[in-house]
Protein chains: 2
Amino acid sequence: MNISQAAKLSKLSVKTVRYYADIKMVEPARNIRSGYRSYTNDDVAKLNFIGKARRFNFSIEECRELLSLYQNKNRSSKEVKKLTLAKIASIDEKLKEFHSLRDELSYLVNCCNGDDRPSCPILDELSK
Amino acid sequence: MNISQAAKLSKLSVKTVRYYADIKMVEPARNIRSGYRSYTNDDVAKLNFIGKARRFNFSIEECRELLSLYQNKNRSSKEVKKLTLAKIASIDEKLKEFHSLRDELSYLVNCCNGDDRPSCPILDELSK
DNA sequence: ATAAACTCTCCATTAACTGGAATGTAAAGA
DNA sequence: TCTTTACATTCCAGTTAATGGAGAGTTTAT
């Protein structure tokens with residue numbers, strides 16, 4: 001498939017997908033006639049995965065590492081396992097923080113009455 | 001307190017804290033003699049909050065909005081509530097994705113035996 | 001055949017920092 | 001008091017991960 005189809009399926013912009021090709025993250029085949037990039041389903045799966053990881057602030061380099069968990073046949077599974085566990089730990093770290101951010105906002109919502117009075121117990125919470 | 005103390009407490013770099021002052025996100029008082037930035041506990045609480053929100057990819061502009069939920073006394077609580085609920089929804093969205101990323105990695109770990117054999121059921125999972 | 005839609009490369013710009021130089025201030029020890 | 005060390009300031013350049021636009025070629029649809 002062409003780049004716009006791949007972008008659509010992976011919910012990334014065409015620009016971003018092209019960028020990932022430029023930096024050799026997901027390198028599609030090329031149509032020899034037109035020079036157009038030609039994406040497979042596997043390519044799209046990788047793009048999806050990268051999109052997900054990027055949305056959680058894994059850097060491009062970390063994404064490369066994560067992708068290599070899938071791809072690098074020369075790595076022992078021991079090493080792969082170690083790397084993956086480290087990534088999971090860092091995800092769990094973020095997950096914890098995530099909940100605390102959500103809780104802070106939830107608390108705000110609950111303590112606001114939602115009418116039109118312009119008051120809310122505000123900096124009390126902030127400076128706790 | 002001085003900037004390095006504020007940075008330490010908020011787990012941000014001094015550079016970042018100074019940057020947030022430059023862009024008028026958290027503007028500390030100034031020591032009139034030295035010109036040094038002087039942070040209060042409230043300032044640190046704000047920095048903490050911004051740090052948390054940034055780690056979840058809320059943009060600087062969104063962080064400003066979130067901060068205004070706490071600070072803007074001129075906003076009706078109705079409006080505040082609406083904004084906050086929208087933010088919570090977007091957090092929940094991210095949370096869902098987060099879990100799916102974690103699951104994908106967990107699955108990888110579980111299907112690896114963790115010994116030294118260089119094999120792992122890899123692109124099978126990717127191309128599912 | 002020609003327009004619309006899509007693709008390409010290349011170059012500039014953006015957001016949110018990050019690093020480094022040059023310089024000023026403050027705290028601690030001799 | 002002097003001075004060394006640690007910390008602070010501004011300013012400017014560089015980085016990461018895109019994003020936007022120009023100019024030109026390709027494909028598809030009428």
Side-chain angles (χ1 to χ4, degrees), chain A residues 1-40 43-44 46-68 87 90 94 97 101, chain B residues 1-40 43-44 46-68 87 90 94 97 101:
Chain A
M1 72 190 84
N2 281 346
I3 197 166
S4 62
Q5 177 73 358
K8 196 171 189 176
L9 290 177
S10 59
K11 281 156 209 157
L12 297 171
S13 74
V14 168
K15 280 276 181 185
T16 300
V17 173
R18 200 175 282 127
Y19 172 72
Y20 288 159
D22 289 349
I23 64 171
K24 289 151 204 300
M25 276 266 277
V26 178
E27 291 183 283
R30 293 283 189 145
N31 180 317
I32 207 120
R33 248 163 219 287
S34 61
Y36 285 13
R37 291 173 181 84
S38 178
Y39 289 83
T40 65
D43 291 333
V44 170
K46 284 177 206 171
L47 289 171
N48 263 314
F49 185 83
I50 296 165
K52 231 180 272 180
R54 287 289 304 128
R55 258 164 260 134
F56 292 103
N57 281 350
F58 286 106
S59 72
I60 290 290
E61 274 327 297
E62 286 175 313
C63 288
R64 261 191 235 282
E65 261 177 51
L66 286 168
L67 267 187
S68 83
K87 291 296 170 200
S90 94
K94 287 183 190 196
E97 248 196 313
L101 180 63
Chain B
M1 71 191 83
N2 282 345
I3 197 168
S4 62
Q5 177 72 359
K8 197 171 188 175
L9 291 176
S10 60
K11 281 157 210 153
L12 297 171
S13 75
V14 168
K15 280 277 182 183
T16 300
V17 173
R18 200 174 281 126
Y19 173 71
Y20 288 160
D22 289 350
I23 65 171
K24 289 154 205 298
M25 275 268 275
V26 177
E27 290 183 283
R30 291 285 187 144
N31 179 319
I32 207 121
R33 253 169 212 282
S34 62
Y36 285 14
R37 291 175 181 84
S38 179
Y39 289 83
T40 65
D43 291 332
V44 171
K46 283 177 206 170
L47 289 171
N48 262 314
F49 185 83
I50 295 164
K52 230 179 275 180
R54 286 291 300 131
R55 258 165 260 134
F56 293 103
N57 283 348
F58 287 107
S59 72
I60 290 290
E61 275 327 298
E62 286 175 314
C63 286
R64 262 191 234 280
E65 261 176 49
L66 286 168
L67 266 187
S68 83
K87 291 295 170 199
S90 94
K94 288 183 189 199
E97 248 196 313
L101 179 64

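Reminder, nothing fancy here: chain letters follow the sequence lines and each chain counts from 1. Small disclaimer: the values here were computed from a predicted structure and weren't measured.
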**Request:** Kindly indicate, with the supporting measurements, whether the criterion side-chain contact (heavy atoms from CB on, under 4.5 Å) is fulfilled by B/I23 and B/R64.
**Result:** CA-CA 11 Å; B/I23 65 171; B/R64 262 191 234 280; 4.1 Å; yes

**Request:** Look at the side chain of B/R37 and decide which nucleotide, out of C/dC17, D/dT9, C/dT7, has an atom nearest to it.
**Result:** D/dT9

**Message:** Can you see if the side chain of B/R54 gets near the phosphate of C/dC17 - specifically, an N or O under 4.0 Å from OP1 or OP2?
**Reply:** yes

**Message:** If I take atom CZ in residue A/R64 and atom C1' in nucleotide D/dT16, what distance separates them, rounded to the nearest angstrom?
**Reply:** 12 Å

**Request:** Rounded to the nearest angstrom, tell me the gap between atom CE in A/M25 and atom C1' in D/dA18.
**Result:** 12 Å

**Message:** Nearest to the side chain of A/Y20, heavy atoms from C-beta on, is which of D/dA8, D/dT9, D/dA18?
**Reply:** D/dA18

**Item:** Minimal non-hydrogen separation, B/R37 against B/A21, with atom names
**Value:** NE-CB, 3.7 Å

**Item:** Phosphate-side-chain proximity, A/S13 and D/dT19, N/O vs OP1/OP2 below 4.0 Å
**Value:** yes

**Complete:** Between CD of A/Q5 and C1' of C/dC6 the distance, given in whole Å, is 13 Å

**Request:** Please determine, for the side chain of A/Y19, which listed nucleotide (D/dA17, C/dT25, C/dC6) has the closest atom?
**Result:** D/dA17

**Message:** If you only use heavy atoms from C-beta on, which nucleotide in D/dA18, D/dT9, C/dT9 is closest to the side chain of B/R18?
**Reply:** D/dT9

**Message:** So A/R18 and A/I3, do their side chains get closer than 4.5 Å, heavy atoms only?
**Reply:** yes

**Nucleotide C/dG24, atom C1' - distance to CG of B/N2 in whole Å** = 14 Å

**Prompt:** A/Y36 has an atom OH; how far is it from atom P of C/dT9, in whole Å?
**Reply:** 11 Å

**Request:** Check every strand shown and say whether B/I23 touches a base, only sugar-phosphate, or nothing at a heavy-atom separation below 4.0 Å.
**Result:** nothing

**Asked** If you pin A/I50 and A/S34 to their nearest nucleotides in DNA chain D, which one's is more 5'?
**Response** A/I50

**Asked** Are side-chain heavy atoms of A/M1 and A/L9 found at a separation under 4.5 Å?
**Response** yes

**Asked** Separation of B/I32 atom CD1 from D/dT9 atom P, in whole Å?
**Response** 15 Å

**Request:** May I ask you to verify if any side-chain N or O of B/R30 is less than 4.0 angstrom from the OP1 or OP2 atom of D/dA8?
**Result:** no

**Nucleotide D/dA18, atom P - distance to CD of A/E61 in whole Å** = 12 Å

**Message:** Let's see if you can work this out: which of D/dT10, C/dA26, D/dA8 has an atom nearest to the side-chain heavy atoms of B/S4?
**Reply:** D/dA8

**Asked** If you find the nucleotide of DNA chain C closest to A/K15 and the one closest to B/T16, which residue's nucleotide is nearer the 5' end?
**Response** A/K15

**Message:** Nearest whole Å is fine: how far is D/dT27 C1' from A/N31 CG?
**Reply:** 10 Å

**Asked** Taking it one step at a time, do B/M25 and B/C63 satisfy side-chain contact (heavy atoms from CB on, under 4.5 Å)?
**Response** CA-CA 9 Å; B/M25 275 268 275; B/C63 286; 3.8 Å; yes

